[in-house]
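The structure appears below as structure tokens.
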Amino acid sequence: MSQPQPRRGDEGLQAQGGKAPAAQPEPIKYGDAFPVKGELAGQPIAPRDAAAMRSAEDSVPGVQVPQESGGGFSAAAFMESAAAYNQAVGAVGPGQASEAVAKHGVNVTQDAVPGGRIVTEFVAGQVAGQYAVAEAPPPQQQQQDGAGHKAAGNEGGGGHGDGGGHGRRAGATAARRD
């Protein structure tokens, strides 16, 4: 019976018991996650970068971070996850900052537009994220019809399947005439 001939590059495998060496996991770099270019794109996201972005997001009054309120995008939340991964694979150390962020920092701005504002998040001067935040609608006030009667919403009265008005309110809105 003949034995298979070793292929080129397999010499190291035989010395290690036939197993391929474990590949070093690649860190998550800015260019993998954000539409950035140049030096920043090739740098791994570091813990101090994420902390700086979190601080910047928190410091802008009225900025609603959509990911933390049910959906959307938050550069800081993503950067925190990426930095934790990068630290776990040994690409960055605890408390480390990337060179570009150490030089140029991070910034969050908001611009008023009709109906809300546009929030833009920057890393080392490049846009990392942008999203719109709608203004909250004004509180509703009671409306009056042409005869000066107020519209009643789920108040008073019994009926509408609530067992005579004991303990539960009806889900319908009706106008009450005084």
Quick one: list whatever passes side-chain hydrogen bond (donor to acceptor under 3.5 Å, both in side chains) with Thr120, sequence neighbours left out. Gln130
List the atom of Ala97, the atom of Arg48, and the distance in Å for their closest heavy-atom pair. CB-CB, 3.7 Å
Quick one: side-chain contact (heavy atoms from CB on, under 4.5 Å) partners of Ala56, sequence neighbours excluded? Val106, Val108
Looking only at heavy atoms, which two atoms of Ala128 and Phe34 are closest? And how far apart? O-CD2, 3.1 Å
Do you reckon Ile45 sits in the same ILVMFWY cluster as Leu40, going by side-chain contacts under 4.5 Å, direct or chained? yes
By salt bridge (charged side-chain N to carboxylate O under 4.0 Å, His left out) - contacts of Glu39 (at least two apart): none
How long is the straight-line distance from CG of Asp32 back to CD of Glu26, given to the nearest 0.5 Å? 8.5 Å
Lys103 meets the salt bridge (charged side-chain N to carboxylate O under 4.0 Å, His left out) criterion, sequence neighbours left out, with Glu99
Remaining members of hydrophobic cluster (4.5 Å side-chain criterion), Val92: none
Please find the pair of heavy atoms, one from Pro47 and one from Pro94, that lie closest to each other, and give the distance. CG-CA, 4.4 Å
Within one Ile-Leu-Val-Met-Phe-Trp-Tyr cluster: Val101 and Phe122, side-chain cutoff 4.5 Å: no
In short, Ser98 meets Ala46 closest at the heavy-atom pair N-CB, 3.7 Å
Correct closest heavy-atom pair for Tyr30 and Pro44 would be CE1-O, 3.9 Å
Does any pair with a residue in residues 106-116 pass salt bridge (Lys or Arg N to Asp or Glu O under 4.0 Å), and if so which ones, sequence neighbours excluded? none
When rounded to the nearest 0.5 angstrom, what distance separates CG in Asn107 from CD in Glu57? 11.5 Å
According to side-chain contact (heavy atoms from CB on, under 4.5 Å), who are the partners of Pro35, at least two apart in sequence or on a separate chain? none
Tell me, please, which residues at least two apart from Glu135 pass side-chain contact (heavy atoms from CB on, under 4.5 Å). none
Heavy-atom pair of closest approach, residues Ser74 and Glu121: C-OE1, 4.2 Å
Who are the side-chain contact (heavy atoms from CB on, under 4.5 Å) partners of Val113, not counting sequence neighbours? Ile118
